[in-house]
Amino acid sequence: MGRIDILPAHVDPSIFDANDVFLGTGGILYTICYALMARQSIRDRTYAMPLVSLAFSRCSHTDCIRHVLTRYTNV
């Protein structure tokens, strides 16, 4: 959701502020997660993969694909 999006009349405009807080917090925590994984990977001399982040990323991509398919096709 971006600042240029038009909200329906029943939605409180303060949702933009909440979105900014959640998005900012998630971005910071995501960055910290990757930094700590890289640090542990160097210590263990192995690889790391954020399975929870990967799963959430996959879910969000699936939702985007479903949205595009339902909006622009007759699926």
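Residues: numbered from 1 along the sequence shown.
Note on Ile42 and Tyr34: separate hydrophobic clusters, where clusters join Ile, Leu, Val, Met, Phe, Trp and Tyr whose side-chain heavy atoms are under 4.5 Å apart, directly or indirectly. Hydrophobic clustering (side-chain heavy atoms under 4.5 Å, transitive across Ile, Leu, Val, Met, Phe, Trp, Tyr) groups Tyr30 together with Met37.
Remark: Ser41 OG to Leu36 CG distance equals 10.5 Å, nearest 0.5 Å.
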